[in-house]
Each structure stands twice: as structure tokens, then as C-alpha cells.
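Here's the structure, in C-alpha cells; my notes come after.
Counting starts at 1 for both ligands and their atoms, following the listed order.
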Amino acid sequence: MSARPPQRIKTMCGITGYVGTKSASEVVIHGLKTLEYRGYDSAGVAAFVNGRIGVVKAVGKVANVEKRIAELGTLNGATCGIGHTRWATHGAPSDKNSHPHGTDKVRIVHNGIIENYAPLREMLVSKGFTFESETDTEVAAKLIEYHYDNCKNHEDALISAMRDIIGSYAIAVMFSDCPETIFAIRKDNPLIIGVGKNENFVASDITAVLEYTNTYYQLGDFELAIVTRDSVKMMDMKKNAVEHPLLTATWSVEAASRGGYDHFMIKEINEEPEAVRKTLHPRIRNLLPNFEEENLSDERLKNAKSVTFVACGTAMHAGLVGKTAIEQLCRVPVKVEIASEFRYNNPILTEDDLVVVISQSGETADSLAALRLAKEKGAYTLGIVNVIGSTIAREADNVIYTWAGPEISVASTKAYTVQISLIYLLTIKMAYLKGKISESEAKEYTRILYEDMPEIIKATIAREDEIHEAAKSFCAYSNLFFIGRGIDYHLAMEGSLKLKEISYIHSEAYAAGELKHGTISLITPEMPVIALATQEDLYEKMISNIREVKARGARVMLIAREGAKDAANEAEKVIFLPRCDQFFNAIPLATVLQMLAYFIAKELGREIDQPRNLAKSVTVE
Ligand code: M6R
């Protein structure tokens with residue numbers, strides 16, 4: 001018998017719940033469709049009808065469940081319900097394994113992972129419970145039922161279950177003897193309570209309920225919410241009432257839809273100019289960067305002895321751009337740490353260190369754990385986050401929001417572009433405060449970033465046809481190299497990640513000067529090279545590297561500054577960036593690389609917005 005393969009666990013699942021006067025199944029199905037972008041393999045809905053909880057679930061698309069609900073008619077008239085899109089972790093995709101789980105007494109939907117589900121299941125079996133699915137969620141459902149049977153109190157049962165469960169979860173619960181009420185608990189997994197008029201919602205993501213309301217609470221870890229049509233009560237494990245600010249999402253329904261574009265990814269790239277403007281505008285006063293609204297004091301930036309960026313994936317690559325910018329302009333040492341490694345490296349931090357955690361979602365488990373560790377070590381923590389009220393935003397000592405709007409495509413594009421734009425603005429402020437640049441220099445840098453950059457990004461996007469052509473002629477390979485020096489090397493890493501993520505073409509990002517120390521042996525006519533050369537002082541060196549790889553037969557695509565000397569003679573394809581101060585070239589270069597990955601993936605017919613094996617928000621380690 002072969003051993004069971006280890007399970008890769010990511011939370012792609014989605015939750016929606018509704019209690020109000022509308023058709024619960026319609027509202028819940030609408031919410032689930034909005035969450036489809038997260039990827040899933042089955043779905044289901046439970047709702048109160050005639051004093052009992054009816055359940056309809058099916059493997060495959062939400063549309064299958066919708067059809068089944070219409071055919072069966074068993075949820076007709078229900079005004080309170082919960083629903084779920086599942087991405088299989090424990091147990092294959094099947095009707096049985098789909099959520100909601102439980103019995104006629106208790107039904108639940110769950111995102112996350114119950115790490116100790118095996119001993120809990122054993123305990124429940126010993127108490128006479130039986131199981132019909134292979135899921136950890138059914139264990140949580142029966143555990144809640146077990147406690148409820150013992151204590152006959154809904155809240156106490158849920159609190160006891162929270163005490164027993166080890167793992168991460170966002171769970172919405174319905175008890176059959178408590179109609180028109182949704183209970184919710186969470187730990188390390190996002191869950192919001194949407195607040196409407198005569199109706200309330202629960203959801204794993206505000207986009208699921210935006211059609212109906214944009215005001216919401218973020219439930220905290222180890223908290224319980226009791227949601228009815230006209231009330232939302234939140235409490236901690238000791239049953240003390242908890243108050244959270246009522247947040248307002250500035251995202252519109254349109255922002256969360258494709259709006260005529262083939263994919264969210266290309267729509268989101270097209271939103272970059274506006275996103276940059278929106279993010280920078282509130283932070284500029286008298287033509288200088290200003291973070292007073294965020295209570296980020298000048299002293300804090302001026303006295304920072306070092307800066308550490310901690311993040312994952314693309315957000316970590318934004319930190320790398322920050323490293324080059326800050327070290328160059330402020331002469332302050334900067335470290336960039338991969339959040340999933342941070343904890344294991346016993347980081348050296350003091351109160352004088354500034355730790356910047358970058359995250360689009362604000363929920364990435366590794367980044368959150370790194371943030372908590374940095375706080376424990378006494379460092380001052382600053383979040384650069386896109387989602388209002390997300391866990392990283394709440395737990396960091398301070399937060400600067402990026403106003404990118406909802407990013408739906410798994411591949412991060414506009415979030416990265418605004419992250420680096422904001423980091424440039426912070427860099428200018430810090431350099432000015434530290435006396436490294438004059439007031440007029442600071443004003444000029446700020447002007448370029450705020451006034452010129454949105455237009456430069458627009459001009460970059462306008463080169464779409466050229467980029468698409470280049471993509472067509474480089475898409476038929478299984479392997480590829482990105483090379484660059486200095487900041488271009490950091491962008492090479494991002495370009496490579498983006499390409500791998502959505503096209504499934506393997507690529508390497510290499511510091512161009514490092515090739516000759518071993519890796520150049522891989523360069524053949526079958527290994528095309530994308531060379532990034534946007535820095536004037538490094539250009540000649542890059543040309544030498546390009547000649548090295550061409551001499552080994554590689555086809556070369558070059559991305560360079562407009563007017564770069566002899567570029568057309570050095571490479572088979574050249575994409576020029578629109579004219580820009582080279583200090584900021586990373587921004588339009590990022591857009592080119594995103595579009596290149598997009599068009600290559602499109603040529604290959606990939607599922608661009610939902611690449612295989614990936615989740616938008618990775619809320620487990
Ligand atoms: O939500 P976060 O910014 O914390 O996510 C971090 C990474 O998971 C994310 O940037 C990932 O690398 C992207 N899918 C890449 O496009």
C-alpha cells in the first residue's frame with residue numbers, strides 16, 4: 001500500500017452567510033460566485049426552512065449548487081443561510097466532503113485547518129459519534145454538537161470547541177434550535193461581519209457582500225459573533241462583550257468585477273495609474289511626503305538605525321526595491337527577509353529598528369507570525385497593507401494603507417506597483433529628514449512620483465501590442481532566464497515569479513554578473529534570456545552579459561531605458577520603457593514584466609486568474 005501523500009494546505013475556501021428578509025440561498029449563492037476567484041472544487045448551502053436546516057451541496061461549480069437548489073426547491077423561502085466554496089484538503093472533492101457539514105442539529109462551514117482533527121475524531125467516536133466524510137470540518141461540527149449536548153448553551157459550546165481546536169479556522173454555524181441566527185468563530189483566518197439594514201452577513205472577504213453593504217466588522221481571533229437580522233454581538237472567550245470599529249470598504253462592486261477585460265489580471269494592471277495616484281495623493285502636503293495622518297512621526301523615520309522588510313512572494317520583492325532605494329538615498333542599512341524564514345533565523349532587532357511588513361491581503365500567515373515576533377523583540381512595526389482592518393493592519397504598531405482597491409487575480413500586480421510607489425515616497429521622506437537630500441530635491445522626487453508616474457505607467461501599458469508581440473515569440477520554451485544587475489536583478493526576481501506563477505514556464509532570475517560562476521553552463525539556443533537594463537551606470541556591464549549569453553546561442557529580449565545606446569543591435573527584441581528618472585524605473589519595468597507574463601500565459605491558454613495550486617491569500621504556514 002502506498003503512503004498517503006503529504007497534504008499541501010492553503011485556504012482558498014470561501015464563506016458567506018446571510019440573515020435578513022431576502023432569499024438566503026440567492027444572497028449566499030451570489031456571495032459564493034463573487035468568491036469563485038479564490039479557486040474551489042465544490043460548494044454548498046445550508047438554510048433554515050420550516051424549523052429545520054436544509055442542505056444542498058455538490059461537487060464542481062457554484063452553478064451546480066444553484067441549479068440543484070432551484071430543482072429541489074427545498075430552500076425556498078429561507079431568509080437565513082450559510083454557504084461555502086471548498087478547496088479539498090482533507091478528503092477528495094466530492095458531494096460528501098463538501099460543506100456545510102454536521103447533523104440536523106448543527107451545521108457549519110469552515111475555512112482553515114483543524115490540526116488536531118485526528119485525536120478529536122477519536123474522542124468523538126468513543127462518545128458514539130459517526131462520520132460520513134473524511135474532512136476535518138465534520139470533526140469540528142460534531143465537536144460543537146458534542147459540547148452543545150453537554151452544556152445546552154450555544155455560546156458555551158462554541159467557546160469549548162475553540163478551546164479544543166488547534167489550528168486555524170473561520171467557522172459559521174447554525175443551530176437548528178436557534179433559527180434566524182448565524183454564529184461565527186475565528187482564529188488566524190479572515191472573517192468579516194457585514195452590516196446592512198434589516199440584514200446582516202458573514203463572509204471570508206468583504207467582496208462577497210459588497211453588492212449589499214460596504215460596512216463591516218472584522219472579527220478578532222478567539223472571538224465569537226452572534227448575528228441576527230437586526231443585531232451583531234461579539235464576545236471573547238470569557239463572554240465579555242467585544243467592540244470593533246465599524247469599517248467602511250471604499251471598494252465598489254465594479255472594482256471587484258472584470259468590467260469587460262478578459263482577465264482580472266490585465267484589468268488590474270490597467271488600474272495601476274489610478275491606484276498609484278490614490279495611494280500617494282493623501283500622503284503629499286506642500287509637495288512633500290507627509291505621513292501625519294498615519295501618526296508616523298518624523299522622529300521615527302529620522303532615527304531608524306536600520307529597516308527590515310518582511311513579507312512573502314511579490315510583497316517581499318517590493319521590499320527588495322525598498323532596499324535599493326533606501327540604501328541609495330538614505331544610506332541606512334536595509335534587510336529584506338522572507339517571512340516564512342524570519343522566525344527560524346533568530347533575527348537581531350532592537351527598539352531602534354523599523355520593521356516593515358508588506359502584505360496585500362494583510363492575512364498572510366507567515367507575514368503575521370513575523371510581525372508578532374518583531375513586536376516581541378521590541379522593534380517598531382509598520383504594516384503596508386491593502387485590506388482595511390485585516391489582521392496585519394490591526395496588529396502592527398502602525399499601518400499605511402495602499403489604496404489599490406480589490407486585487408482579485410492571484411497574481412499580484414497593482415498591489416505590488418502601489419507598494420513600491422509608497423516605499424519610494426517613504427524613502428524620499430526619510431532621506432529628507434536625515435538630511436541626505438535638500439528640500440528642493442525632495443520636492444522634485446515627490447513631483448515625479450506623484451505627477452509623472454501615473455502617466456508613465458499609462459504610457460507603458462500603451463505599449464501593449466509590442467509587449468504582446470515579444471511574448472508571442474518567447475512563449476514556446478520550457479525554461480527561461482531573467483538577468484539584471486542592481487535593482488534590475490530584484491525586478492528580474494519578480495518577473496520570474498510572475499511568469500512561473502501564471503504560465504508554468506520554469507524560469508530563473510539571476511544576477512547577471514553571477515552567471516559566469518556556474519550557471520552559464522545552462523545557456524544554450526534552447527534557453528532564451530530576458531535581460532533587464534534600466535540603469536545607466538550598469539548598462540555597459542549588462543551589454544557584456546548579453547554578449548556572453550548570445551555567444552552561447554541564447555535568444556535575448558532586452559528591456560531598457562528609452563534611448564539606451566545601440567539597444568536594437570544587441571538583442572533580438574527590445575522593449576523600451578517610457579522616459580523616466582532612472583531612480584524610479586522599477587515602476588514601469590514592473591508593469592512591463594507583469595504584461596509580459598500575462599501575454600505569455602494567455603498565448604499558452606493558461607487559467608490566468610486562478611493558477612493551479614495557488615491561493616490568493618495564504619493564511620496557513
Ligand atoms: O497578501 P500578501 O501580499 O501577503 O501575499 C504574499 C504572497 O503570497 C503574494 O504576493 C504572492 O507571491 C503572489 N501571488 C504573487 O503574484
Ring center gap for Phe482 and Tyr510 short of 6.0 angstrom: no
Does Asp262 pair with Lys602 as a salt bridge, N-O distance under 4.0 Å? yes
Dump the intermediate steps for side-chain hydrogen bond (donor to acceptor under 3.5 Å, both in side chains) on His263 and Glu268, then the final yes or no. CA-CA 9 Å; His263 299 95; Glu268 287 161 6; over 6 Å; no
What residue and atom, counting heavy atoms only, is the protein's closest point to atom 11 (C) of ligand 1, and at what distance? Thr314 N, 4.1 Å
Taking only non-hydrogen atoms of Glu501 and a 4.0 Å limit, the atoms of ligand 1 in range are 13 (C), 14 (N), 15 (C), 16 (O)
To which protein heavy atom is atom 5 (O) of ligand 1 closest, and what is the distance rounded to 0.1 Å? Thr364 OG1, 3.5 Å
According to side-chain contact (heavy atoms from CB on, under 4.5 Å), who are the partners of Ala315, at least two apart in sequence or on a separate chain? Ala311, Ile358, Gln419
Establish, yes or no, whether a centroid distance under 6.0 Å links the rings of Tyr424 and Phe583. yes
Show which atoms of ligand 1 fall inside a sub-4.0 Å distance from at least one heavy-atom site of Val410. 13 (C), 14 (N), 16 (O)
Report the nearest protein non-hydrogen atom to atom 3 (O) of ligand 1: residue, atom name, distance rounded to 0.1 Å. Gln360 N, 2.7 Å
Give the atoms of ligand 1, by number and element, whose distance to some non-hydrogen atom of Ala315 is under 4.0 Å. 3 (O), 10 (O)
Closer than 4.0 Å to some heavy atom of Ser361 - which atoms of ligand 1 meet that? 1 (O), 2 (P), 4 (O)
Checking salt bridge (charged side-chain N to carboxylate O under 4.0 Å, His left out) for the pair Glu294/Arg283: CA distance, chi angles, key distance, verdict? CA-CA 9 Å; Glu294 281 86 8; Arg283 280 98 190 204; 2.8 Å; yes
Ranked by distance from atom 6 (C) of ligand 1, the top protein heavy atom is Cys312 O, 3.4 Å
Is any N or O atom of Leu497, backbone or side chain, closer than 3.5 Å to an N or O atom of ligand 1? no
Judging by distance only, is a nitrogen or oxygen of Gln419 under 3.5 angstrom from one on ligand 1? no
Sequence neighbours excluded, every pair satisfying salt bridge (charged side-chain N to carboxylate O under 4.0 Å, His left out) that has a member inside residues 372-398: Asp188-Arg372, Asp221-Arg372, Arg372-Glu395
Please report the interatomic distance CG(Asn111) to CG(Asn189), rounded to the nearest 0.5 Å. 5.5 Å
Salt bridge between Glu271 and Lys278, side-chain N to carboxylate O under 4.0 Å? no
If you count the atoms of ligand 1 from 1 in the order shown, which ones are under 4.0 Å from a heavy atom of Ala411? 16 (O)
Using a strict cut-off of 4.0 Å, indicate which atoms of ligand 1 neighbour a heavy atom of Lys498. 15 (C), 16 (O)
Need the ligand 1 atom indices (1-based, order shown) with element for anything under 4.0 Å from a heavy-atom of Gly313. 12 (O)
